[in-house]
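Note that this is a predicted model, so its numbers are computed, not measured.
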Amino acid sequence: MPEALPTDTYLTLDQPGEGYLTEKRSRFPAFAMHVDSEEEAKAVVAQYKKKYYDARHVCYAYVIGDHGERTRSNDDGEPSGSAGVPILGRLRAAGLTYALVIVVRYFGGVKLGTGGLAVAYKTAAADALAAATVKECIVKARFQVEVPYADADVMQRFVKEADADIVERNYTDKGLIAAISIRLTGEAALRTRLAQILSLKFIKSDD
């Protein structure tokens, strides 16, 4: 059994992949790719539907979110659960998020049945995923602090020692406003340490 990944990492696709399956004269081109959002996934699906306008079905599934919390699958006219769900199952089995798989079907004149369709869509999706490359990403937290110039060096030292980064600096009449990025699992400890600087203030996010 592979070692479990830390809770602040996830797997996604680095390079896209393509697969192809022929089953009883039906053809199943398949495509796996990274997407950053549900909106992007829907836009890509629309592009593929336009590109493969002559196909009988353009089925898909995607997983979005640092913890894969948002999913969607679509059978595009195939029997319920025979296309989108098997595709989603391949994404889940691979442990991927921010990922989209599209499987196109050109009907070959022979019905495959619900079970046969599920196997075909699952196999085509797996082929596309196998051809793609996977990367591990780190989930990072970001927050802002404001500190007088007299204590700015101490703040920056604490940030550096926590293996965090100051990704943005704004200088004001009162002091330095810094945007800090850190691996999610280290956020609480860094906040606790920065709070020891009595002059430092945490700036509430507008989100």
Keeping the roles fixed (side chain from [X], backbone from [Y]), state whether a donor-acceptor pair exists under 3.5 Å.
{"X": "N74", "Y": "D76", "result": "yes"}
{"X": "D8", "Y": "V139", "result": "no"}
{"X": "T172", "Y": "G175", "result": "yes"}
{"X": "T133", "Y": "Q15", "result": "yes"}
{"X": "E39", "Y": "S37", "result": "no"}
{"X": "T97", "Y": "G65", "result": "yes"}

**Q.** Exceeds 12 heavy-atom contacts within 6.0 angstrom, atom NZ of K201
**A.**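 Open.
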Q. More than 12 foreign heavy atoms under 6.0 Å from CG of D163: is that the case here?
A.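 Not buried by this count: 12 neighbours or fewer within 6.0 Å.
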Any side-chain heavy-atom pair of [X] and [Y] under 4.5 Å:
{"X": "K24", "Y": "L112", "value": "yes"}
{"X": "E23", "Y": "V119", "value": "no"}
{"X": "D66", "Y": "L184", "value": "no"}
{"X": "K42", "Y": "Y62", "value": "yes"}

With rounding to the nearest 0.5 angstrom, report the [atom1] to [atom2] distance, [X] to [Y].
{"X": "R27", "Y": "L21", "atom1": "CZ", "atom2": "CG", "value": "12.0 Å"}
{"X": "L88", "Y": "R72", "atom1": "CG", "atom2": "CZ", "value": "12.0 Å"}
{"X": "L91", "Y": "T12", "atom1": "CG", "atom2": "OG1", "value": "9.5 Å"}
{"X": "D127", "Y": "K122", "atom1": "CG", "atom2": "NZ", "value": "12.0 Å"}
{"X": "Q156", "Y": "R169", "atom1": "CD", "atom2": "CZ", "value": "5.0 Å"}
{"X": "K135", "Y": "T9", "atom1": "NZ", "atom2": "OG1", "value": "13.5 Å"}

**Q.** Audit row: Y98, L13, side chain to side chain contact (heavy atoms under 4.5 Å, CB included) steps and yes/no
**A.** CA-CA 8 Å; Y98 295 110; L13 297 179; over 6 Å; no
Check [X] against [Y] and note the closest heavy-atom contact, atom names and distance.
{"X": "R105", "Y": "A55", "answer": "O-CB, 3.6 Å"}
{"X": "V103", "Y": "A30", "answer": "CG2-CB, 3.9 Å"}
{"X": "A118", "Y": "P86", "answer": "O-CB, 3.6 Å"}
{"X": "A32", "Y": "V101", "answer": "CB-CG2, 3.9 Å"}
{"X": "L117", "Y": "P79", "answer": "CD1-CD, 3.6 Å"}
{"X": "S26", "Y": "G108", "answer": "OG-N, 3.0 Å"}

Q: Please lay out, stage by stage, how R70 and E38 fare under the test salt bridge (Lys or Arg N to Asp or Glu O under 4.0 Å).
A: CA-CA 8 Å; R70 298 190 300 281; E38 291 186 85; 3.1 Å; yes
Q: Quick one: name the residues clustered hydrophobically with Y171, using the 4.5 Å side-chain heavy-atom rule over I, L, V, M, F, W, Y, and just say none if it's on its own.
A: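 Listed partners: F143, V145, V147, Y149, V154, M155, F158, V159, I166, L176, I180, I182, L190, L194, I197, L200, F202.
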Q. How does the hydrophobic cluster around V85 look, that is, which other residues are in it when side-chain heavy atoms under 4.5 Å mark a link?
A.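 The other cluster members (ILVMFWY side chains, heavy atoms under 4.5 Å, direct or chained): none.
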Q) When you look at V63 and L96, which way does the side chain to side chain contact (heavy atoms under 4.5 Å, CB included) test go after all the steps? A) CA-CA 7 Å; V63 181; L96 295 168; over 6 Å; no
Q: Evaluate the side chain to side chain contact (heavy atoms under 4.5 Å, CB included) criterion for residues R193 and E161: first the C-alpha distance (whole Å), next the side-chain angles of each, then the deciding distance (0.1 Å), finally the verdict.
A: CA-CA 11 Å; R193 192 171 189 205; E161 290 173 352; 2.5 Å; yes
Q: Quick one: do H34 and D14 satisfy side chain to side chain contact (heavy atoms under 4.5 Å, CB included)? Show the steps, please.
A: CA-CA 7 Å; H34 173 87; D14 187 25; over 6 Å; no
Q) Which word best sums up how the rings of F28 and Y121 line up, parallel for under 30°, tilted for 30 to 60°, or perpendicular for over 60°? A)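 Perpendicular.
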Q: State which residue, out of Y20, Y60, Y52, fulfils the ring pair (Phe, Tyr, Trp, His ring centres under 6.0 Å) condition with F31.
A: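 Among the candidates, only Y52 passes.
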